[in-house]
Each structure stands twice: as C-alpha cells, then as structure tokens.
Amino acid sequence: MGRYSYGLIIMLSLAAGTVSASLLQSLFKVKRQTIFYTAFLDLFATGMFSVLLVYLRTLGKGYGFSGLGAAFGLVAGNIISVYIHNDKPAIVFSSWIVSAPLMYSLSKMACFSSGCCGGEVFGHPVQPAVSVVFFTVYVISLIVFLIAKDKMKACFLAMVLSFIARFVTDFFHYSHAGKIISTEQILVLVAGGAAIVVYAFRRKLPLPREL
C-alpha cells in the first residue's frame, strides 16, 4: 500500500504543479502551444534528473526520486523551452519556478505515506511540517507573481525561500543525526549559490532579453 500511495501522490504533485504553472501562463496570455510543450519538456527533465541524481549519489546502487534533482531538471527544461519558444519567457519561466514549491510540498506527503525521509519536529513527523513550509513558500511566491510587474522577482523569491527551507528542514531528519552539515545541505548551498549568481548576472548571459 505504501508503494502504491507513494507513486500516486508523486503523480498528483506533478499534476498540481503543472496545472498551477499552466493556469498562470494562461492568465498572462502565453500561447497554448508554448504551455503544452513546456509542460512536456519540464516534466520529462524533472523526472529524469530526479532519478539520475539518486542513481549517481548511490553509485548505481539506489533508485528513487530526489527533490534537488527534480529542481535542477525543472530549471534545465525551462531554459531549453524559453530558448525554443521565446514566448513571454519571464512569465513561462517564473510560473514553473513559483509552482515548484507546491510540487515539493505535496510530494513530501508521499514520503510520509511510505515512511521514508523520516524525522521529528518538536515531537511531530517532519514530512508534514516540510509540506506546510513549502506550501507557504508557494503561496508567498504566488502572491508576488500576481502583483509584481517583473515576474522574475517572484522566481528569485521562490528559489531563495525554497533553498533556505530545504537547508533548514534537513536538520530535523534522522539522516542528519551526527552530522554538522549533510551532503544534501552542501548540494543545496551549491545549487542556491549558483542560482543567485545566474540571477544577478542574467543580463550578461546569452538568455532571452526578457529574463
């Protein structure tokens, strides 16, 4: 039952993020063709990198899904999409990044149902707590996306809050016991630092001008 519910919740989390991103793009008049093909590319890259990171970290001995790998795949898929379509790239890119915390929030309930990624927050299971934290990140980022003229501000906010949340909540997992800093936290710091640098110097990079 745990494996079945795990897979089902993961699929629902991806569907929820896709619906969120697609609705935001539709709201700002992005072409349907762009929305469809971006969703296909993003979901493919998200799944591929999520599984690939677990495989590489375990040297081919483990299988599963990595949230950090999924985030990298989502960004990669988005960058490829905006190069191909160049259809309101800031809205397309930001809508998916803003929706990513929603996907992660729901996916943590899959961990809770299967008993993986365990830990405690003041005597309570860590997975639901992480889910609430990331849903809050989603709501905050969504509000900024809807009211900010520069949609990339919402994108940057979603990334920064997500990296901070992921780094802090890792302390409450059982896997962090006996460690000052975990491998996952190091990867989060590297990814977060890279994202901030790219955002800061995006005007000097060969990206679509709107980004």
Side-chain angles (χ1 to χ4, degrees), residues 1-22 35-84 92-93 95-119 126-128 130-131 133-135 137-138 155 158-159 162-163 165-167 169-170 173-176 179 181-195 198:
M1 184 64 180
R3 291 184 179 181
Y4 173 78
S5 61
Y6 180 89
L8 177 61
I9 296 173
I10 290 294
M11 295 300 294
L12 289 175
S13 68
L14 292 174
T18 301
V19 170
S20 172
S22 298
I35 296 173
F36 176 81
Y37 285 113
T38 301
F40 176 82
L41 182 59
D42 283 358
L43 291 176
F44 174 79
T46 296
M48 182 179 69
F49 281 99
S50 178
V51 173
L52 182 61
L53 183 59
V54 174
Y55 183 82
L56 292 176
R57 286 185 60 187
T58 60
L59 301 178
K61 297 178 181 179
Y63 299 92
F65 298 99
S66 165
L68 192 59
F72 182 83
L74 184 66
V75 172
N78 260 295
I79 291 176
I80 294 172
S81 179
V82 297
Y83 269 118
I84 294 174
V92 173
F93 192 88
S95 67
W96 276 95
I97 301 303
V98 165
S99 300
L102 173 63
M103 288 189 277
Y104 191 76
S105 171
L106 297 177
S107 70
K108 293 311 293 181
M109 297 311 296
C111 297
F112 182 61
S113 70
S114 66
C116 65
C117 305
V126 70
Q127 302 97 325
V130 174
S131 183
V133 168
F134 274 87
F135 186 77
V137 171
Y138 168 68
C155 174
M159 288 192 295
S162 294
F163 285 128
R166 184 65 188 86
F167 183 88
T169 55
D170 192 76
H173 287 86
Y174 293 137
S175 59
H176 195 280
K179 301 176 183 177
I181 186 170
S182 67
T183 302
E184 190 75 12
Q185 287 175 309
I186 293 173
L187 291 174
V188 168
L189 288 175
V190 172
V198 170

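Along the sequence shown, residues carry numbers from 1.
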Taking C-beta and beyond as the side chain, do [X] and [Y] meet within less than 4.5 Å on heavy atoms?
X      : Y      : answer
Tyr104 : Val130 : yes
Leu74  : Met103 : yes
Val188 : Asp170 : no
Leu43  : Leu14  : yes
Val126 : Phe112 : no
His176 : Glu184 : no
Trp96  : Thr18  : yes
Ser105 : Tyr138 : no

Once rounded to the nearest 0.5 Å, what's the spacing between atom [atom1] of [X] and atom [atom2] of [Y]?
X      : Y      : atom1 : atom2 : value
Thr46  : Leu41  : OG1   : CG    : 9.0 Å
Ile10  : Ser50  : CD1   : OG    : 7.5 Å
Phe134 : Leu106 : CZ    : CG    : 12.5 Å
Gln185 : His173 : CD    : NE2   : 10.5 Å
Leu187 : Phe72  : CG    : CZ    : 11.5 Å
Phe36  : Ser22  : CZ    : OG    : 10.5 Å

Exercise. With sequence neighbours excluded, tell me which residues meet ring pair (Phe, Tyr, Trp, His ring centres under 6.0 Å) with Phe163.
Key: none

Practice problem: Kindly give the heavy-atom pair with the smallest separation between Ser113 and Ile9, and that separation in Å. | Solution: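 Ser113 and Ile9 have their closest heavy atoms at OG-CD1, 3.9 Å.
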
Quiz item: Can you name the side chain to side chain donor-acceptor pair (under 3.5 Å) partners of Ser99, sequence neighbours left out?
Solution: Ser20

Exercise. Return yes when atom CZ of Phe135 has more than 12 non-hydrogen atoms of other residues, nucleotides or ligands closer than 6.0 Å, and no otherwise.
Key: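 12 or below, so no.
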
Quiz prompt | Residues Ser107 and Ser13: side-chain donor-acceptor under 3.5 angstrom | solution = no

